[in-house]
Amino acid sequence: MEQDSYDVRGRQSSILRLAPFDREGMIHMLFYRIAIFVALALAISMTAGAVYYGNALNNASRYLLLALWILFTPQLFETAKAFSIIASHGVVFGRLNESFMKYGAAKEFYYKPLAALPYAAIAVWAIGFAAIAFVWFA
């Protein structure tokens, strides 16, 4: 007997369906989809710049690279957050039962740094963005 499967999450092509219950996921997917087109425009701009001007990093490419840097930020945050969740066995950023968190989860000394890791990664990322923008446009 053949069964039809049904995805209860809804259409995967509609990322706005995530808005009511997973804002981080929606931002992650929205920025990812926009970044695909910006990366394509960046590749075209860099190729044209290298062929016609002898320098791949003309002004258009610099602006596109900075835009891609911004669009990649949620991917970096989610990756660092996933690392923290995996390294802490779900305790950091996890939505676990309060009684389990109180009695069942071991409290390790490295959980607090793991909770700060995504924010530290974003801070380093922002400093890099500011440094590149300053060097290129100052």
The test is ring pair (Phe, Tyr, Trp, His ring centres under 6.0 Å); show your working for Y32 and F72 and say whether it passes.
CA-CA 7 Å; Y32 176 74; F72 191 73; 9.2 Å; no

Would you give the length of the straight line joining atom CG of L42 to atom CG of L65, rounded to the nearest 0.5 angstrom?
5.5 Å

Close side-chain approach of L66 and W136, heavy atoms under 4.5 Å:
yes

Approximate separation, where rounding is to 0.5 Å, of I27 CD1 and E78 CD:
9.0 Å

With clusters defined by side-chain heavy atoms of hydrophobic residues (ILVMFWY) lying less than 4.5 Å apart, directly or transitively, does F134 cluster with W69?
no

Evaluate the side-chain contact (heavy atoms from CB on, under 4.5 Å) criterion for residues S61 and N58: first the C-alpha distance (whole Å), next the side-chain angles of each, then the deciding distance (0.1 Å), finally the verdict.
CA-CA 5 Å; S61 297; N58 57 13; 2.9 Å; yes

CD/E24 to CE/M29 distance, rounded to the nearest 0.5 angstrom?
14.0 Å

Rounded to the nearest 0.5 Å, what separation is found between the CD1 atom of I34 and the CG atom of L68?
11.5 Å

Under 3.5 Å, side chain of S88 to main-chain N/O of S84, donor-acceptor pair present?
yes

Side-chain heavy atoms nearer than 4.5 Å, only ILVMFWY residues, links allowed to pass through others: does that put V135 and L64 together?
yes

Which heavy atom of R62 sits nearest to which heavy atom of F137, and what is that distance?
CB-CZ, 3.7 Å

Output for pair (R23 CZ, L30 CG), nearest 0.5 Å, gives 12.0 Å

Would you say Y53 and Y63 are hydrophobically clustered, going by side-chain heavy atoms of ILVMFWY under 4.5 Å?
no

Hydrophobic cluster membership, I122 vs I132, 4.5 Å side-chain cutoff:
yes

Where M46 and L57 come nearest, the two heavy atoms and their spacing
CE-CD2, 4.1 Å

Is the closest side-chain heavy-atom distance between I70 and F129 below 4.5 Å?
yes

Would a hydrophobic clustering, with Ile, Leu, Val, Met, Phe, Trp and Tyr connected at side-chain separations under 4.5 Å, put L117 with Y119?
yes

The reported gap from CG in L114 to CD1 in I86 (rounded to nearest 0.5 angstrom) is 11.0 Å

Counting only heavy atoms not in F77, do more than 12 sit closer than 6.0 Å to its CZ atom?
yes

